[in-house]
J.: 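Starting off with a structure, shown below.
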Amino acid sequence: MTSTNPTTLDPAGGASAPPAGLRPVRRASRDRAAETRRKWYEIIGLTTPAIVVYVTFVLVPMGFAVYYSLFRWRGVGPPTEYIGFDNYVMAFQDPIFLDALRNNAIIVFGSLLVQGPIALGVALLLNRHFRGRTVFRLLAFVPYVLAEVTVGIMWKLILTPGGSLDALLQSIGMGGLVQAWLADLDIVIWTLLFVLTWKYVGFAIILLLAGLSNVPQELNEAAAIDGASWWQIQRHVTLPLLGPTIRIWMFLSMIGSLQVFDVIWVTSVPAVRSLGASATMATYMVDNGFFARLWGYGNAVAVILFVISFVAALLFQRFLLRRDIQGAMTGRAN
Amino acid sequence: MTANATLSPPNRRRPVSWGNPLTYALALAVAAVSIVPVLYVIIGGFRATPQIVADPAGLPDPWVFDNYARVLTQSDFWAQAFNSAVIALGTTLGVVLLGVCAAFVLARYTFRGREVLYTFFTLGLLFPAGAAILPLYLMLRDLNLINSYYAVILPQIAFSLPLTIVILRPFLSAIPRELEDAAAIDGTGRLGFLWRIMLPLSRPALVTVGILAFVASWNAFLLPLLVLGDASLHTLPLGVQNFSSQYTSDTAGILAFTSLAMLPALLFFTFAEKQIVGGLQGAVKG
């Protein structure tokens, strides 16, 4: 667009060109300058609203979290009592926070190890062509569509002592299995992991089905003609091609698990949460920062949560995701 | 799984056919696990609380419609549904509008700093925006936005922008350059091209990001919990939570309220499912 413009003055021919030729040249460069200016007006005009909203409501709060975390501050007036990193030291000395960290680790690894295989199996199943497939797909996605709050209340009612799960277990002669599902300090985190799995496995299934529909049919056909069985085709053709989708899901699942709040908050009993058995970093942050009004401390927890997520994301990207989102991170649009 | 090995390629020539019994057995099992707890809640809403206490896992006998009627007439259900709708629509509109403008520039303009700008937006995918919820609350308080729709809509737009741009950009750059040149020859500027050609052509991607933003907003809990103290502004998720902690002994009522709250999402998703899976195909391309 710019290099082939015939009116550009080239150093060799410039001297011999008739003086009259200078006028169109000047006008052309003026047009070009106007065009460039217009382009920049468009770029700035179109991107500014998005940049302003994104910076104001995502990046600026993040910066303030770092600042506030250095103060002992009850949230009234500007923070004045500077205490350096004391809030951070306090967090890592609080056994409840350490419990929350452990619970987050259980949820991250539990989600990856349980949801992944289940979702893969279900996605391969629902990718087969059979009558009624659409209906089965819709049903499998239902838990994912429901709001976290409704899921939480729903399971709370089902799992309540003497509730329907206990009644069901008793009616099939397995009454010995009945537990205080949401009140037993040793069990509650596993109950919550089950609820989270039930809720979010549908997200993995949706992503995998989208990935599966990108696998070219010709490859499967070629493999089938070569005598590969259905299982061999899945194992050697489909799965490797799903690699990027699986890794993107793992990434999103990990970030989501680190900041999990809603389901935990609604399903677990506050007393159990305050003992650490069912707390996560996010519930701990809101309990302390917002409801107990320890704003400096809460912001320190927010920064810890942010740093852990960011480091985990960078490590994941460095070692597993690099090829998949290379375009996204280095900029090649496709 | 291995038992399915006999069902290989010929099956594909007839795209829709009856699968073998094992396929159906497994599919039914998956469906049951997903849907039975939900059915329990919906059907439980048709029982009276004493019935539920006496036999938690039973069926309604007789069917009671009073719980649903009560929620729809005496609770704040309709007001909360209205608040949810306003906030979700506002968020969706904002995300799509801001997202498509930014993605258009990132996809169709060549300029210095373009990739820096793109990386800047994609950074939002790398960390949980929810981590900054406390300072966000303080900022909204200082801006006097607490207890307003804006306190939820604006941050939700911001949180949704990274994913929106990541989904839209490849879609917008895939539209052939020739169309843009042809439009230029016809005297259409880049903005006219965006409005008259890009937007109609990218409708599927726009619908996908719109649906994702809408559902995320409709289901959101933490942000509304912190910034909407005023009960008259509460959204449905807050309403469900309030109702269940306020009427703890009214199990049947809670079941009815919870059922009614999930209905819109279920209906909405039933109509949009194909679109979501289709729209994500571009985003998860290897």
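All figures in this text were calculated on a predicted structure; none of them were measured in a lab. In what follows, every chain begins at residue 1, and chains take the letters A, B, ... in the order their sequences are listed.
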J.: Tell me, for B:Leu136 versus chain A, whether the close heavy atoms (under 4.5 Å) come from the side chain, the backbone, both or neither.
T.: both

J.: B:Val30 versus chain A, heavy atoms under 4.5 Å apart: side chain, backbone, both or neither?
T.: side chain

J.: Provide the closest heavy-atom pair for A:Gly75 versus B:Arg141 in the form atom of the first, atom of the second, distance.
T.: O-NH2, 2.8 Å

J.: Between A:Ala65 and chain B, which part of the residue has a heavy atom less than 4.5 Å away: side chain, backbone, both or neither?
T.: both

J.: Answer yes or no: is there a donor N or O on one side and an acceptor on the other, between the side chain of B:Tyr109 and the main chain of A:Glu42, under 3.5 Å?
T.: no

J.: Which one wins on heavy-atom pair count under 4.5 Å against chain B: A:Thr56, A:Leu168, A:Leu212, A:Asn299?
T.: A:Asn299

J.: Could you state the interatomic distance from CG (A:Leu138) to OG (B:Ser34), rounded to the nearest 0.5 Å?
T.: 11.0 Å

J.: Measure the spacing between CD1 of A:Ile51 and CZ of B:Phe120 and express it to the nearest 0.5 Å.
T.: 6.5 Å

J.: Given heavy-atom pairs under 4.5 angstrom as the criterion, report whether the side chain, backbone, both or neither of B:Phe268 touches chain A.
T.: neither

J.: Which atoms form the tightest heavy-atom contact between B:Thr23 and A:Arg128, and what is the distance?
T.: OG1-NE, 3.7 Å

J.: For B:Asn219 and A:Glu148, indicate whether the former's side chain and the latter's backbone hold a donor-acceptor pair under 3.5 Å.
T.: no

J.: Quick check on A:Trp155 against chain B: is it the side chain, the backbone, both or neither that has a heavy atom closer than 4.5 Å?
T.: side chain

J.: Heavy atoms only: give me the nearest A:Met62-B:Ala132 pair and the separation to one decimal.
T.: SD-CB, 3.6 Å

J.: In terms of heavy-atom contacts, does OH of B:Tyr150 have more than 12 from other residues, nucleotides or ligands at under 6.0 Å?
T.: no

J.: If you tally heavy-atom pairs under 4.5 Å against chain B, which of A:Val135, A:Val145, A:Thr36 wins?
T.: A:Val145

J.: For each of B:Val100, B:Ile165, B:Leu154, B:Leu266, tally heavy-atom pairs with chain A at distances under 4.5 Å, and name the one with the top tally.
T.: B:Leu154

J.: Please identify, among A:Ala167, A:Ala50, A:Ser309, the residue contributing the most non-hydrogen atom pairs under 4.5 Å to chain B.
T.: A:Ala50

J.: Any sub-3.5 Å donor-acceptor pair from A:Trp198's side-chain atoms to B:Val33's backbone N or O?
T.: yes

J.: Under 4.5 Å from any heavy atom of chain B, what part of A:Lys39 do you find: side chain, backbone, both or neither?
T.: both

J.: How long is the span from the CZ atom in A:Phe136 to the CG atom in B:Leu26, to the nearest 0.5 Å?
T.: 10.5 Å

J.: What part of B:Pro162 gets within 4.5 angstrom of chain A, counting heavy atoms only: side chain, backbone, both, or neither?
T.: side chain

J.: Need one label for B:Val41: side chain, backbone, both or neither, based on atoms under 4.5 Å from any heavy atom in chain A.
T.: side chain

J.: So which part of A:Val201 gets closer than 4.5 Å to some heavy atom of chain B, the side chain, the backbone, both or neither?
T.: neither

J.: Is a donor on one side and an acceptor on the other found under 3.5 Å between the side chain of B:Tyr40 and the backbone of A:Ser164?
T.: no

J.: How far apart are the closest heavy atoms of A:Tyr54 and B:Leu123, and which atoms are they?
T.: OH-C, 4.0 Å

J.: Let me confirm one number: the OG1-CZ distance from A:Thr47 to B:Arg114, rounded to the nearest 0.5 Å.
T.: 13.0 Å

J.: Only one of A:Val266, A:Thr150, A:Ile153 forms a side chain to side chain contact (heavy atoms under 4.5 Å, CB included) with B:Ser244, so which one is it?
T.: A:Ile153

J.: Measure distances from B:Leu140 to the heavy atoms of chain A and classify the residue's part below 4.5 Å as side chain, backbone, both or neither.
T.: side chain

J.: Please report the interatomic distance CG(A:Leu157) to CD1(B:Ile52), rounded to the nearest 0.5 Å.
T.: 8.5 Å

J.: In terms of heavy-atom pairs under 4.5 Å, which option from B:Trp218, B:Phe257, B:Phe121 contacts chain A the most?
T.: B:Phe121

J.: Checking B:Leu117 against chain A: side chain, backbone, both or neither under 4.5 Å from a heavy atom?
T.: side chain

J.: Quick check for you: among B:Thr251, B:Leu191, B:Ile133, B:Ile254, which has the greatest number of heavy-atom pairs under 4.5 Å with chain A?
T.: B:Leu191

J.: Under 4.5 Å from any heavy atom of chain A, what part of B:Leu222 do you find: side chain, backbone, both or neither?
T.: both

J.: Stepwise, does the side chain to side chain contact (heavy atoms under 4.5 Å, CB included) test hold for B:Val215 with A:Tyr144?
T.: CA-CA 10 Å; B:Val215 171; A:Tyr144 176 59; over 6 Å; no

J.: Given a strict heavy-atom distance threshold of 4.5 Å, which part of A:Val60 is in contact with chain B: side chain, backbone, both, or neither?
T.: side chain

J.: Picking from A:Phe261, A:Phe64, A:Phe310, which has the most non-hydrogen pairs under 4.5 angstrom with chain B?
T.: A:Phe261

J.: About how many Å separate OH of A:Tyr68 and CG of B:Leu138, when rounded to the nearest 0.5 Å?
T.: 5.0 Å

J.: Select, from B:Ala27, B:Pro264, B:Ala265, B:Gly124, the one with the greatest count of heavy-atom pairs under 4.5 Å involving chain A.
T.: B:Ala27

J.: Chain B: which of A:Val151, A:Val58, A:Leu146, A:Val142 shares the most heavy-atom pairs with it under 4.5 Å?
T.: A:Leu146

J.: Do A:Phe57 and B:Met139 have side chains that approach each other closer than 4.5 Å (heavy atoms only, starting at C-beta)?
T.: yes

J.: Against chain B, work out which of A:Asp262, A:Leu314, A:Leu139 has the most heavy-atom pairs shorter than 4.5 Å and name it.
T.: A:Asp262

J.: Would you call the rings of B:Tyr137 and A:Trp295 parallel, tilted or perpendicular if under 30° counts as parallel and over 60° as perpendicular?
T.: parallel

